Asks: 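Let me give you the structure first, and then I'll get to my questions.
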Amino acid sequence: MLKRIDANQVRIGMFVEAIEGLWQDPLLSKRRFSIRRELDAAKIRKCGTAVVVINTSKGLDTNGLPGRDTEIDSKAARETVQKSVQMLEEVFGRVKNGEGITFEQVAPVISSVSKSMDENPSVFLSVTRLKSKDEVTFLHSISVSALMILFGRHLALDEATVQMLGTAGLLHDVGKLEIPLEILTKEGRLEEDEIGLMRRHPEQGHAILLRQEGLSDIVLDVCLNHHERTDGKGYPRGLSGSAISLYARIATICDVYDAVTSVRPYKAPWSASDALKWMMGVEGHFDRRLLKKFALCLSVASVI
């Protein structure tokens, strides 16, 4: 579990993931380390206003006791994912039947995912990586939601915006309800006409969400623009550069990252480091500066 504490709370036995606010001392420039000497703990406490991110699954908590057992977190994460899939399946079912959806209906899923990401993001994300043919759309949406919440907090966005990012991740692929199931679950390469149908899902999803009440502009924006590219070669509108909002650029990174690191019956997953290396090497697809911050975010969260 990652936990932000004041610098004056640091003690021997804690595992430091990051120190936010001060970097003059060579010790503080190390991203992840265990505090083994009182001298080192004292140096960090002298920071005064610095905020320290500790990992209680690898070291002591502020109460001087070891953090939670990873197996406990894994069990809790599996239960959260299972309940979230059921709730999301019900929400998507209502949409398919022409019924309306509201933020209040998806809020319980966002709340559960957000809590899990606070407790142990690496465990929660590992649980969502194994995607069966029947649940791939729901698990992908939950995973993208979780990544957007994690990244939004890393970027120090306000909590209301972070919650909207989580909602946007949850609903970004709602347009796939309009895609035939045999195309969505096809294990081989798609034909040209099938690719054309798939590429319609952002606009179809946007049209669906426009008919709903109380959904924010962030949710609508992400749904429509999460397949745009910074070089203008994305779809559906061919936007480029700053014409693509920060929120859509965040979604693009999280969407692709989850897709390539997921375990599927017909596809071996990439490791987090391999996925990021490939994403860094793809010209024109992602906001490069934002992608570097995403890599740092995953490092701090012990996902890499």
Side-chain angles (χ1 to χ4, degrees), residues 84-103 105-107 109-110 113 128 131-149 164-187 189-229 232-239 243-245 247-260 262 264 285-286:
S84 297
V85 166
Q86 291 172 349
M87 286 189 282
L88 192 58
E89 194 169 6
E90 291 173 5
V91 169
F92 277 34
R94 284 195 290 269
V95 172
K96 195 151 191 169
N97 291 331
E99 302 174 34
I101 57 171
T102 63
F103 171 74
Q105 289 171 329
V106 298
V109 180
I110 300 302
V113 170
T128 66
K131 295 173 171 64
S132 69
K133 181 183 290 189
D134 296 333
E135 293 182 337
V136 61
T137 297
F138 305 117
L139 280 173
H140 173 64
S141 296
I142 291 167
S143 184
V144 171
S145 174
L147 286 165
M148 290 179 72
I149 288 171
M164 285 303 104
L165 284 177
T167 305
L170 209 60
L171 299 176
H172 79 287
D173 270 346
V174 70
K176 287 184 177 178
L177 291 173
E178 304 290 334
I179 307 297
L181 188 60
E182 59 268 22
I183 294 179
L184 287 177
T185 58
K186 186 174 180 178
E187 297 182 1
R189 183 179 294 274
L190 296 179
E191 303 294 334
E192 282 297 320
D193 59 330
E194 294 171 332
I195 292 174
L197 285 173
M198 283 291 290
R199 288 193 168 194
R200 291 171 55 188
H201 82 267
E203 291 175 300
Q204 290 172 322
H206 186 253
I208 289 171
L209 296 183
L210 275 176
R211 298 195 293 268
Q212 315 308 317
E213 294 183 5
L215 295 181
S216 75
D217 289 341
I218 291 175
V219 175
L220 293 167
D221 171 35
V222 165
C223 182
L224 181 62
N225 297 316
H226 66 277
H227 281 292
E228 298 290 356
R229 295 173 43 134
K233 296 180 181 179
Y235 61 91
R237 297 187 292 165
L239 301 180
I244 308 169
S245 74
Y247 312 120
R249 282 178 275 144
I250 288 173
T252 300
I253 290 170
C254 294
D255 183 44
V256 172
Y257 174 82
D258 180 67
V260 298
S262 292
R264 298 291 299 278
H285 196 141
F286 309 101

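All figures in this text were calculated on a predicted structure; none of them were measured in a lab. All values below come from the heavy atoms of this structure, side chains included, with hydrogens, waters and symmetry mates left out.
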Asks: Is any side-chain heavy atom of Met164 closer than 4.5 Å to a side-chain heavy atom of Phe103?
Replies: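 Side chain of Met164 against side chain of Phe103, heavy atoms only: contact under 4.5 Å found.
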Asks: Hey, what's the ring geometry for His226 with His201, parallel, tilted or perpendicular (30° and 60° as the breaks)?
Replies: tilted
Asks: Give, for atom CG of Leu190 and atom CZ of Arg199, the distance between the pair rounded to the nearest 0.5 Å.
Replies: 10.5 Å
Asks: Quick one: CD1 on Ile142 to CD1 on Ile110, what's the gap to the nearest 0.5 Å?
Replies: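 Rounded to the nearest 0.5 Å, the CD1-CD1 separation comes out at 9.5 Å.
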Asks: Taking Thr102's backbone N and O only, do any of them form a donor-acceptor pair with Gln105's side chain (distance below 3.5 Å, no angle check)?
Replies: yes
Asks: With the side chain counted from C-beta on, respond yes when Ile179 and Gln204 share a heavy-atom pair under 4.5 Å apart, and no when they do not.
Replies: yes
Asks: For the residue pair Cys223 and Leu171, establish whether any side-chain heavy-atom pair is separated by less than 4.5 Å.
Replies: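 The answer is no; the side chains never approach within 4.5 Å.
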Asks: Distance check, rounded to the nearest 0.5 Å: Ile218 atom CD1 versus Tyr247 atom OH?
Replies: 4.5 Å
Asks: Do other residues, nucleotides or ligands put more than 12 heavy atoms under 6.0 Å from Glu182 CD?
Replies: yes
Asks: For the side chain of Ser143 and the backbone of Leu139, is there at least one donor-acceptor N/O pair under 3.5 Å apart?
Replies: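 Checked: no pair found.
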Asks: Evaluate the side-chain proximity of Met198 to Lys176: yes if any heavy-atom separation is below 4.5 Å, no if none is.
Replies: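 Yes; the side chains approach each other to less than 4.5 Å.
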Asks: Do the non-hydrogen side-chain atoms of Val106 and Ile101 ever get within less than 4.5 Å of each other?
Replies: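 No, too far: nothing below the 4.5 Å cut-off.
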Asks: Determine the minimum heavy-atom distance between Met148 and Ala168, stating which atoms define it.
Replies: CE-CB, 4.4 Å
Asks: Test your reading of the model: is there a side-chain donor-acceptor pair from Glu203 to the backbone of Leu224, 3.5 Å cut-off?
Replies: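 No, Glu203 side chain to Leu224 backbone: no donor-acceptor pair under 3.5 Å.
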Asks: Is it the case that the side chain of Glu228 and the backbone of Arg237 share a donor-acceptor pair, with hydrogens and angles ignored and the cut-off at 3.5 Å?
Replies: yes
Asks: Do Glu194 and Lys186 meet the salt-bridge criterion of a basic N to acidic O distance under 4.0 Å?
Replies: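 The answer is yes: the pair qualifies as a salt bridge.
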Asks: With a 3.5 Å cut-off and no angle check, do the side chains of His206 and Asn225 form a donor-acceptor pair?
Replies: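 On atom types as modelled, these side chains do not qualify, holding no pair under 3.5 Å.
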Asks: Identify every side-chain donor-acceptor pair in residues 84-98 under 3.5 Å, counting partners at least two apart or on other chains, and give the distances.
Replies:
from  : atom 1 : to    : atom 2 : distance (Å)
Ser84 : OG     : Thr80 : O      : 2.7
Asn97 : ND2    : Gly93 : O      : 3.2

Asks: Just verifying a value: how many Å separate Asp193 CG and Ile183 CD1, rounded to the nearest 0.5 Å?
Replies: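 Rounded to the nearest 0.5 Å, the CG-CD1 separation comes out at 7.0 Å.
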Asks: Nearest 0.5 Å, please: how far is CG in Leu197 from CD in Glu178?
Replies: 11.0 Å
Asks: Is it the case that the ring center of His172 lies less than 6.0 angstrom away from the ring center of His140?
Replies: yes
Asks: Just verifying a value: how many Å separate Thr128 OG1 and Leu147 CG, rounded to the nearest 0.5 Å?
Replies: 7.0 Å
Asks: Examine distances only and state if a side-chain atom of Ser145 and a backbone atom of Gly169 form a donor-acceptor pair shorter than 3.5 Å.
Replies: no
